[in-house]
A.B. asks: 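Attaching a single structure in structure tokens format; questions to follow.
Everything numeric here is computed off the predicted structure, so don't read it as measured data.
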Amino acid sequence: MSTLTKQDPFSRLLESAPTNFTAARILAKECYLAQGIPLAKAEEYKFTNVGKKLEQNITNFFNADSFEVSEELIKSSIFEGFKGDVLVFSNGKFLPAHSAKIKGIEVSVLSEKSDLALGSIAKPEKDPFAALNQASFENGIFISIPKKAQILKPILLLFFNQANEGQVIQPRVWIEAGDFAEVTFIEQSVSLGETAYFVNKVVELKGGINTQLHYYRLQNEGKPVLEVSNIESDIQKDARFTSVTISLSGDLVRNNLSFNLLGSNSEGNMYGIYLLNGKSHVDNHTNVDHTIPHAESHELYKGILADQSRGVFNGKIFVRQDAQKTNAFQQNNNILLSDDAIINTKPQLEIWADDVKCSHGCTVGQLDEEALFYLQARGIDKMQAKGLLLYAFAGEVLEKIQEESFRTYCDTLIQERLGSKF
Amino acid sequence: MLSIKNLHASIQGTEILRGINLEVKAGEVHAIMGPNGSGKSTLASVLAGREEFEVTEGEVIFKGKNLLDLAPEDRAREGVFLAFQYPVEIPGVSSTNFLRTAVNQVREYRGLEALDAVKFLTLMKEKMKLVEIDQKLLSRSLNEGFSGGEKKRNEIFQMAMLDPSLSILDETDSGLDIDALRIVSNGVNQLKSDKNATILVTHYQRLLDYIVPDYVHVLYNGRIVKSGLKELALELEEKGYDWIKEEVDSAATV
């Protein structure tokens, strides 16, 4: 750690950062320098030592250049059954020439929107990596869905990553949806090459009133990926936002997901599965902020951990004094399949209002031996019986994915992993 | 079909079965009765392969094979079926998918072709009638939210689907009302043939009014202490288990 405390490895990246969004970048840089890379003692990152991983794996603390992505590669990377539009990124940079022109939606390179209030949702003072991204990202994407637009086909955000010199990749996404708009996003990354790199992603979603947003993510690069992401959304009156995060691999993955419920009758749903083996490490930090009365949040994360994998779940729910009649529910269930797997789970509710319905619970256990014996006693092979039980465990989250093609795809991946045939 | 010789089994160092001997032939129905804690359910569990129990002595030969060498799933595939005293609720696993997997794995083991969806449903419909089980129940998660009677009916339904040669019914009658008992017993009776055998593990003689056994055995302190014909069950109902306990205990002190 000493090298990190002496001189910040990102200092040269910060100095050479682009000069657009000047005010936002200056603020972010200050926020970053004030926080720095979290060390082992930092409360928010105590189970996920990003600094150490960076030191071990990243050799070149600069943004990686984009690389040419062929049409064949794009085509072969889109999951089977997907019927929608694809937006393509190369090392975090949006590639308009390779991306779909989506009818009724404005999509452009983020740099062209210099009057945007970058960081007004994912605030740089809250997280050092959000700050780092805001201070030094190069080329993001701006997506705007007009008022009352109903975008029926899902939009796939397809990130191709290959940083041969062990560099940094900093995607930045701004999505705004006008009042009453409905849209579904799917985020997926493809890792090329064998060299480790650091992805530091920020996604800001700004929804109008009564919007219906879905944001699904699949983390399944199967490579030694080191990633920190900050996804944050403001949810206005009568609006609903559902997020589903499926994590199947990752050397070290930290997902910060935050919903700010800002209008009455708004609803925020956070669901996730982490199915880990080997030495994978996935950390989900979620944050739901109830600021007004009559809003709802539902949260369910399920983890299956094998081998020496490690999962971290930290779910914060704030119910502020004005947020009477809040319904906030949180659940985190884990199954450990080996003695060496670790889960650190921490529900964190802070309730200042007095007329609310809130619940939280977390469980950590093994596979139910009695259920396993029951299935075996009916002639089902032990391995398959295990798969069946684990699949049933994960199924509760999978069914939250409304986009059928994506649900089927994730379903297949999970079944394959669990060795179950249905 | 089944030959148990000097079977000893223990759990966490405590010996529960202390030398069981039992011969069961095809076409026979054996009732194993006995007071609580005598080892009845342990015997059923050991035969089905529950891992908590350690077999310390003896052998169990089933259709010429050493049953104790087989994994629980292979015992099931060979034709042993245990109707659980407490069927397990498994949320998220649909009854139908579960049963189709089970039936096809058993069929595969027996060298039979896997059933396609249509054939499977046809078989299911036919067997559902046996225990008057509602299709709606089978579209739900396995045993989840089933009543006690529904769970026991589902056990017999599964038994019908898997076509075992040896069925072990562990307290299948306990807790059932008379209507449910009649339905369950009727199912078991229809499945009986000269090629299969049934072991009824029960505390109450009542079940034997509906499923008539060929032999009745009394288990006490981990041993079969008395065997007889069906009339023994009636004697037990009338006199309780105390006279047998006394008989055994006094013999032991001599």
Side-chain angles (χ1 to χ4, degrees), chain A residues 244 246 271-273 275 300-304 331-335 337 361 363 365-401 407-408 410-412 414-422, chain B residues 44-45 47-53 70-110 112 114 117 141-144 151 154-155 157-159 161-164 167-168 170:
Chain A
V244 183
I246 311 286
Y271 304 113
I273 296 171
L275 174 55
L300 175 66
Y301 273 77
K302 290 198 161 189
I304 299 173
Q331 189 71 233
N332 173 233
N333 306 111
N334 299 283
I335 293 180
L337 296 177
T363 61
Q366 279 89 38
L367 209 56
D368 181 351
E369 290 291 330
E370 187 61 22
L372 189 61
F373 177 65
Y374 189 72
L375 297 179
Q376 283 182 271
R378 295 299 174 255
I380 298 176
D381 173 75
K382 188 173 187 177
M383 283 305 290
Q384 199 174 341
K386 276 187 181 173
L388 205 59
L389 292 173
L390 293 172
Y391 175 68
F393 175 77
E396 199 183 348
V397 173
L398 272 178
E399 68 191 29
K400 305 291 185 187
I401 302 174
R407 187 181 59 240
T408 307
C410 292
D411 196 293
T412 311
I414 289 176
Q415 281 180 38
E416 279 171 10
R417 273 283 281 281
L418 297 173
S420 146
K421 282 179 192 154
F422 64 85
Chain B
S45 293
L47 292 178
R50 201 185 279 274
E51 279 170 19
E52 297 98 281
F53 296 99
L70 300 177
E73 57 266 40
D74 286 335
R75 299 184 195 197
R77 294 163 182 175
E78 285 287 345
V80 175
F81 180 91
L82 171 67
F84 280 55
Q85 183 177 5
Y86 305 109
V88 186
E89 296 195 14
I90 308 184
V93 172
S94 102
S95 298
T96 310
N97 285 344
F98 148 73
L99 209 49
R100 194 169 160 203
T101 307
V103 165
N104 281 335
Q105 290 210 355
V106 167
R107 287 180 66 90
E108 193 188 338
Y109 186 89
R110 295 176 189 169
L112 299 167
S141 286
L142 185 53
N143 290 327
E144 195 184 30
K151 282 181 185 165
N154 196 19
E155 292 294 287
F157 168 63
Q158 291 173 27
M159 174 176 142
M161 291 294 291
L162 294 171
D163 189 24
S167 302
I168 305 159
D170 188 5

A.B. asks: Non-hydrogen atoms of chain B under 4.5 Å away: do they reach the side chain of Glu370(A), the backbone, both or neither?
C.D. replies: both
A.B. asks: Check salt bridge (charged side-chain N to carboxylate O under 4.0 Å, His left out) between Glu144(B) and all other residues, then give those that pass, not counting sequence neighbours.
C.D. replies: none
A.B. asks: Most heavy-atom pairs under 4.5 angstrom with chain A, which of Gln158(B), Arg50(B), Arg75(B)?
C.D. replies: Arg50(B)
A.B. asks: Counting only heavy atoms closer than 4.5 Å, note whether Leu99(B) contacts chain A via side chain, backbone, both or neither.
C.D. replies: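 Answer is neither: Leu99(B) stays 4.5 Å or more from chain A.
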A.B. asks: Please classify the contact of Pro164(B) with chain A as side chain, backbone, both or neither, using a heavy-atom distance under 4.5 Å.
C.D. replies: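 Interface part for Pro164(B): neither.
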A.B. asks: Tell me which of these, Gln376(A), Arg378(A), Lys382(A), Glu369(A), has more heavy-atom pairs under 4.5 Å with chain B than the rest.
C.D. replies: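 When all of Gln376(A), Arg378(A), Lys382(A), Glu369(A) are compared, Arg378(A) has the most.
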A.B. asks: Anything under 30° is parallel, anything over 60° is perpendicular, the rest tilted; go ahead and classify Phe84(B) against Phe373(A).
C.D. replies: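 Aromatic pair Phe84(B)/Phe373(A) classed tilted.
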A.B. asks: Could you tell me whether Glu108(B) and Arg77(B) make a salt bridge, using a distance below 4.0 angstrom between a side-chain N and a carboxylate O?
C.D. replies: no
A.B. asks: Using every non-hydrogen atom in the two residues, find where Gly379(A) and Val106(B) come nearest and quote the distance to one decimal.
C.D. replies: CA-CG2, 4.1 Å
A.B. asks: Could you check whether any side-chain N or O of Asn143(B) sits under 3.5 Å from a backbone N or O of Lys151(B), counting only pairs where one atom can act as donor and the other as acceptor?
C.D. replies: no
